[in-house]
Amino acid sequence: MGRPNVGKSTLLNALTGEKVAIVTAKPQTTRNRILGVVEMPARKGKNPAAQIVFVDTPGVHKPGSQLDRRMLQEVHEALEERDLVLVLMDATRKTGRQGLGTGDAGLEREQGPGNREQKGGSWASEDEFLFSLVRKLDCPVFLVLTKIDRVAKEQLLPMIEALTKQHNFAEVIPVSARKKDGLDVLLRKIVEVLPTGERYFPKDQYTDQPQRFMVAELIRERILVETGEEVPYASAVVIERFEEPEIVPPGKKGATGTLPLTRIAAAIYCEREGQKAILIGKGGAKLKEIGTGARKQIESLLGTRVYLELHVIVEPNWRESRSFIESLDWRNELEKIAERQGNEPKSDEE
């Protein structure tokens with residue numbers, strides 16, 4: 001857990017070796033809890049074999065909308081079932097704890113345009129809000145300083161001293177996900193405090209996310225990259241159709257000599273007509289850019305060719321609609337599907 005944009009998803013991807021979570025320079029990219037699974041082989045004299053299940057949470061920030069409140073709920077739910085918590089802090093940023101009480105200076109860049117409408121409370125209190133959650137925990141807490149490749153080593157010590165006054169951290173571990181510095185130490189220290197138990201996931205599984213959700217996230221990632229101002233924060237993606245290709249024998253290509261084709265149709269929701277115009281662009285140019293960029297990432301994920309169809313729908317004020325926000329959570333959708341299937345009458349053959 002940590003403030004928005006401290007590198008939680010980047011670290012998760014580096015640890016798993018897979019693109020489990022989308023990553024952009026914009027804060028509040030992650031909206032849901034995302035699981036990443038890391039298999040640790042036994043190393044003589046260092047660590048036993050282990051499976052670590054990481055839970056990447058949305059950035060901790062004071063909620064200003066129903067969507068924000070839902071994101072904070074994701075954090076609380078993640079904290080209910082955990083053996084260890086990693087608190088991530090960006091080593092390149094002056095936090096409210098480093099100059100402690102330095103006010104809002106330097107925090108505007110961190111929060112981004114999506115949060116400028118926040119009312120009430122100072123952004124300088126965000127760190128205090130984060131630490132108030134940490135102090136309630138009854139499990140080991142590691143302080144993980146991220147992006148250390150971007151700062152001089154002598155700058156880390158004052159930051160560590162200031163932060164360790166706020167909580168009795170079990171470990172303080174500086175890392176660089178980009179350069180993979182400190183990741184081995186982090187994994188080894190995690191294994192030392194985890195309880196012995198059964199494996200949660202098969203050895204070759206690196207996340208619990210359905211492909212449909214990952215596809216929707218890859219489309220949303222391109223929206224975050226390709227658009228600015230309030231548009232990324234007011235956008236949501238819903239997969240309307242996901243037609244998987246027929247299964248072909250391993251090692252063989254389709255009848256045409258090419259990779260099989262997955263057909264996907266997705267709706268991009270926004271809140272205002274002006275946002276829709278930005279997403280579509282002149283002559284549909286922006287939507288085409290979003291689709292082209294997303295399609296390449298989706299093809300890499302699925303290992304097939306992809307036909308991607310996008311269209312934009314205006315859903316006024318959807319960020320304040322609890323039912324709409326709940327519908328974006330794939331866990332809720334899976335429960336509904338299972339419930340529907342359970343209520344379907346069984347055939348005579350069954």
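Nothing fancy with the numbering, it's 1 onward along the sequence.
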Is there a side-chain contact between [X] and [Y], using heavy atoms and a 4.5 Å cut-off?
X      : Y      : value
Arg322 : Arg69  : no
Cys270 : Val314 : yes
Thr262 : Tyr307 : no
Met40  : Leu187 : yes
Ile264 : Glu309 : no
Val312 : Gln275 : no
Leu218 : Ile22  : yes
Leu143 : Ile173 : no

Check: [Y] main-chain N/O paired with [X] side-chain donor or acceptor under 3.5 Å:
X      : Y      : answer
Glu299 : Arg305 : no
Thr10  : Gly7   : no
Asp329 : Asn32  : no
Asn47  : Glu192 : no
Thr227 : Leu224 : no
Gln28  : Gly59  : no
Thr146 : Val6   : yes
Glu226 : Ile223 : no
Trp318 : Ala234 : yes
Asn13  : Val20  : yes

Any Lys/Arg nitrogen of [X] or [Y] sitting under 4.0 Å from an Asp/Glu carboxylate oxygen of the other?
X      : Y     : value
Asp138 : Arg82 : yes
Asp56  : Arg33 : no
Arg31  : Glu74 : no

Could you go step by step and tell me if Glu77 and Gln73 meet the side chain to side chain contact (heavy atoms under 4.5 Å, CB included) rule?
CA-CA 6 Å; Glu77 288 177 3; Gln73 183 184 335; 2.7 Å; yes
Which residue pairs satisfy the side-chain hydrogen bond (donor to acceptor under 3.5 Å, both in side chains) criterion with at least one member in [range], sequence neighbours excluded?
range            : result
residues 263-273 : Glu230-Arg272, Glu271-Arg319
residues 169-190 : Asp149-Ser176, Asp149-Arg178
residues 280-292 : Lys286-Glu289

Distance (rounded to the nearest 0.5 Å) between [X] [atom1] and [Y] [atom2]:
X      : Y      : atom1 : atom2 : result
Leu156 : Met89  : CG    : CE    : 14.0 Å
Lys26  : Tyr233 : NZ    : OH    : 6.5 Å
Glu244 : Arg212 : CD    : CZ    : 9.0 Å
Met1   : Thr57  : CE    : OG1   : 6.0 Å
Ile268 : Ile280 : CD1   : CD1   : 9.0 Å
Ile325 : Ser65  : CD1   : OG    : 6.5 Å

Are [Y] and [X] connected in a single hydrophobic cluster, I mean Ile/Leu/Val/Met/Phe/Trp/Tyr linked by side-chain heavy atoms less than 4.5 Å apart?
X      : Y      : answer
Leu11  : Val191 : yes
Val37  : Ile52  : no
Val175 : Leu84  : yes
Leu15  : Leu86  : yes
Leu137 : Val53  : no

Looking at every non-hydrogen atom in both residues, tell me the closest pair between [X] and [Y] and how far apart they are.
X      : Y      : result
Leu186 : Phe142 : CD1-CD2, 4.4 Å
Gln205 : Asp208 : NE2-CA, 3.8 Å
Gln51  : Pro202 : NE2-O, 4.0 Å
Pro4   : Pro27  : CB-CB, 3.8 Å
Leu328 : Val237 : CD2-O, 4.3 Å
Pro174 : Val172 : CD-O, 3.8 Å

Between Thr207 and Gln209, is any side-chain donor less than 3.5 angstrom from a side-chain acceptor?
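Their side chains do contain a donor-acceptor pair, which is all the 3.5 Å distance test asks for.
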Should the ring pair Phe131 and Phe169 be called parallel, tilted or perpendicular, given that the plane angle runs from 0 to 90° and is split at 30 and 60?
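The arrangement is perpendicular - the two ring planes meet at more than 60°.
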Can you confirm whether more than 12 heavy atoms, excluding those of Glu240, are under 6.0 Å from its CD atom?
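Yes, CD of Glu240 has more than 12 neighbouring heavy atoms, counting only those of other groups under 6.0 Å.
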If you count the non-hydrogen atoms of other residues, nucleotides and ligands that lie under 6.0 Å from OH in Tyr200, is the total more than 12?
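No, not enclosed.
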Pick out which of Met71, Glu326, Glu320 makes a side chain to side chain contact (heavy atoms under 4.5 Å, CB included) with Gln66.
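By the side chain to side chain contact (heavy atoms under 4.5 Å, CB included) criterion, Gln66 pairs with just one of Met71, Glu326, Glu320: Glu320.
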The test is salt bridge (Lys or Arg N to Asp or Glu O under 4.0 Å); show your working for Arg3 and Asp127 and say whether it passes.
CA-CA 8 Å; Arg3 294 278 301 280; Asp127 289 318; 2.9 Å; yes
Verdict with supporting geometry, Ile190 and Phe54, side chain to side chain contact (heavy atoms under 4.5 Å, CB included)
CA-CA 11 Å; Ile190 288 172; Phe54 290 92; 3.6 Å; yes
